[in-house]
Amino acid sequence: MRPYNFSAGPAMMPEEVLVQAAVEMQDWHGCGMSAMELSHRGRQFGTIIRQARDDLRELLEVPPTHRILFMQGGATAMNAIIPMNLVGRSCAEGVIDFVHTGVWSGKSLREAGKYGVVHIAASSESRGFHDVPPRDVWQLTERAAYVHVCSNETINGNQFGFVPDTKDVPLVADMSSDILSRPVDFSRYALVFASAQKNLGPAGVTVLIVREDLIGHALPCCPSVFDWQNVADHDSMFNTPPTYAIYLCGLVFKWLKKQGGVARMEQDSIEKSSLLYDFIDRSAFYRNDVKVDCRSRMNVPFFLANEALNDVFLAEAEKHGLLQLKGHRLTGGMRASLYNAMPIEGARALVAFMRGFENRYGRLSVV
Ligand SMILES: *Cc1c(COP(=O)(O)O)cnc(C)c1O
């Protein structure tokens with residue numbers, strides 16, 4: 001049995017996908033070449049990228065008003081690419097509204113400040129990013145270029161439980177760490193973007209789901225390869241796309257369809273995260289600080305009552321086949337990421353291990 005990998009990303013892949021990729025490694029569908037050796041201009045790769053796009057559209061029920069683009073540079077590059085493509089549309093002198101809920105929205109707003117005027121419409125920073133400010137406290141700018149939210153803060157462990165109404169101002173969401181984990185109503189979003197290495201596949205490709213009318217407004221300084229008009233006009237092949245990463249995402253999409261799609265992923269993620277949160281909340285030895293109705297189903301940060309035991313905890317967890325539980329260096333403690341590829345058995349095994357660890361060490365050390 002493979003160990004359970006709780007990494008926040010690059011994250012665990014579905015085992016079936018790895019097995020299929022291994023089988024097809026040297027010969028994709030009898031063509032005598034690996035998927036990674038195919039020309040991006042050829043018929044075979046054309047089939048791969050089209051199928052991946054169509055499957056993603058079907059899984060997420062993306063309406064015809066929105067284009068699906070595959071790009072590069074990760075969500076980090078998007079932090080610059082988005083303002084470069086959108087501030088030119090703005091009537092309010094390039095003001096961008098941000099809802100600041102953690103490390104990732106912080107990175108996004110700092111980068112956007114190079115291209116526009118950043119306005120923080122709401123923030124949970126003073127509360128340690130332990131919640132998502134409710135919509136009624138946001139102070140939005142009329143006619144802003146767009147409103148940026150991070151639907152799931154991978155590091156701080158909070159997640160939006162609502163879709164904010166931003167009227168005519170485009171709503172932009174970084175869904176890097178929760179895309180495909182629950183249904184999304186795209187009529188409410190102008191743009192959704194995500195790095196692949198959490199819930200989509202391997203690192204190297206970025207998915208962008210963008211409403212048509214937002215395309216075609218890039219600033220003159222925007223690199224051609226990052227101008228959505230160019231990317232869209234060339235079906236995500238303005239330059240050589242990350243072909244093998246797209247192929248693997250395509251296998252993940254097929255796997256997701258077979259599992260029952262995002263509805264099933266949502267059910268499973270509720271089950272996995274509840275197992276862990278319920279256990280943590282009943283324990284005096286473990287602690288999660290995020291406001292209960294803002295907790296992430298994807299990334300569960302937690303702390304031991306006695307932090308001197310952190311290294312022992314990680315070493316013993318590894319011996320139990322529970323890998324990469326160390327928390328982000330900015331937060332310390334532990335973090336368990338429960339993306340789509342993590343089986344429910346993985347969450348059960350983690351809780352069983354944590355219970356045993358508490359029994360062995362907890363009573364001795366809690367003061
Ligand atoms: C991982 C992550 C990113 C960064 O992705 P890169 O591929 O490293 O650029 C951005 N935002 C969120 C919410 C993430 O989880």
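Along the sequence shown, the residues carry numbers beginning at 1. What you are looking at is a predicted structure, and each value in this text was computed from that prediction instead of being measured. Start at 1 and go down the list; that is how both ligands and their atoms are numbered.
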Item to check | All side chain to side chain donor-acceptor pair (under 3.5 Å) counterparts of Ser181, not counting sequence neighbours | outcome: none
Checklist entry - Would you say the side chains of Asp281 and Tyr286 form a donor-acceptor pair under 3.5 Å? => result no
Item to check | Non-neighbouring partners of Glu345 that pass side chain to side chain donor-acceptor pair (under 3.5 Å), sequence neighbours left out | outcome: none
Next on the checklist: Please list all pairs meeting ring-ring contact (aromatic ring centres under 6.0 Å, His included) that have one or both residues in residues 207-228, counting only residues at least two apart or in different chains.
Outcome noted: none
Item to check | Distance-minimising heavy-atom pair for Ile81 and Gln72 | outcome: CD1-O, 4.5 Å
Checklist entry - Between His66 and Tyr189, is a ring-ring contact (aromatic ring centres under 6.0 Å, His included) present by the stated rule, with each step listed? => result CA-CA 10 Å; His66 288 58; Tyr189 293 91; 8.8 Å; no
Checklist entry - Tell me, which residues have any heavy atom less than 4.0 Å from some atom of ligand 1? => result Gly74, Ala75, Thr76, Trp104, Cys150, Asn152, Thr154, Asp174, Ser176, Ser177, Ser195, Gln197, Lys198
